[in-house]
Amino acid sequence: TGRIRLCEASPRLLRRGFVEFSHQLGFIRQTCVSAGGDYGAWISSATYPRGIRARWAGEVRGEAQPGRANAGVASDGLVENLGVFSASAAGGRNPFGGGGRVALGFDRQSLGWSFNVNGAWSSPKFRQVGNTGSQFQVERELLASAGYTLGRFGTLSLAAVSRSYRDQATTTVAPHRPAVDLTSPP
C-alpha cells in the first residue's frame with residue numbers, strides 16, 4: 001500500500017493457486033542512526049497474495065498505526081518472452097484527510113538484456129504508514145534500470161531515480177558512469 005513494488009518474476013509467485021498470508025506487528029523506530037531503544041507507536045500490516053491464473057497474481061494489503069490506515073490491491077502479470085507488468089492502487093485515511101497512490105511497472109530479466117521501469121503518483125493527502133515526518137512527502141517517482149549480462153565477466157548496468165516531493169525540490173539520481181560488477185555469476 002503505497003510502496004513501490006519491485007516485481008519478482010518467480011514461477012512460485014505467478015502460479016495458479018499460490019496463497020501466502022503474512023502479518024507483521026511492531027513499533028516504529030524513531031532514530032536509525034544511533035543504538036538504543038527509541039521506539040514510537042505500534043505499526044501493523046497484513047498481506048494476502050494469491051495466484052489467480054498460471055501467469056497472473058493478485059495481492060491485497062492493509063497497514064495501520066495510530067491515526068493512520070491504508071489498504072490496497074496489486075496485480076502482476078507475466079507476458080511470455082517479454083516480462084512482468086505490475087499495477088497497484090492504495091487509499092487511506094490519516095490526520096490530514098484521505099488520499100491515494102497508484103503505481104505501474106514493468107520488469108524484464110533475461111540472460112542478455114534486463115531492464116525495469118516503475119512509476120508512482122500520490123495524491124496530496126496520502127501518507128504512508130510508518131512515515132511519521134511531515135516533510136519529504138513524495139508526489140511522484142520514477143525508477144529505471146537496465147543491465148546486460150557479460151557471462152562469466154559479470155553485469156554492466158545503469159540506473160536512475162527521480163522523485164518529486166510536495167514541499168521539497170525534485171531529486172534526480174543517475175550515475176555519471178555505468179556500474180560494472182565483475183564478480184562471477186553463481
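Any value given below was found using the heavy atoms of this structure, including those in side chains, with hydrogens, waters and symmetry copies removed. Computed from a predicted model, the values in this text were never measured in an experiment.
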Exercise for the section: Starting from the C-alpha separation in whole Å, work towards a yes-or-no answer on side-chain contact (heavy atoms from CB on, under 4.5 Å) for Y48 and V19. Expected result: CA-CA 7 Å; Y48 180 77; V19 174; 3.4 Å; yes

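The closest side-chain heavy-atom distance from F106 to N116 is not below 4.5 Å. A 4.5 Å side-chain heavy-atom check between R166 and P124 finds at least one atom pair inside the cut-off. Side-chain contact between E59 and T47 is present, with at least one heavy-atom pair separated by less than 4.5 Å. Using a 4.5 Å heavy-atom cutoff, the side chains of R101 and Q128 are in contact.
With rounding to the nearest 0.5 Å, the separation of OG1 in T171 from CD in E141 is 11.0 Å. Between the CG atom in N94 and the CD atom in Q65 there is a gap of 9.5 Å [rounded to 0.5 Å]. Between atom OG of residue S122 and atom OH of residue Y165 there is a gap of 11.5 Å, rounded to the nearest 0.5 Å. For the atom pair CZ of F27 and CD1 of I43, the computed distance is 11.0 Å after rounding to the nearest 0.5 Å. A distance of 4.0 Å separates CZ of F18 from CD of E20, quoted to the nearest 0.5 Å.
Scanning all heavy atoms of the two residues, the minimum distance from A74 to S88 falls at CB-CB, 3.7 Å. The two residues G98 and R93 make their nearest non-hydrogen contact at N-NH1, 3.3 Å.
Between R61 and E63 a salt bridge is recorded (basic side-chain N to carboxylate O distance below 4.0 Å).
Remark: aromatic rings of W113 and Y148 are close, center separation under 6.0 Å.
Between the side chain of S162 and the main chain of L143, no donor-acceptor pair closer than 3.5 Å is present.
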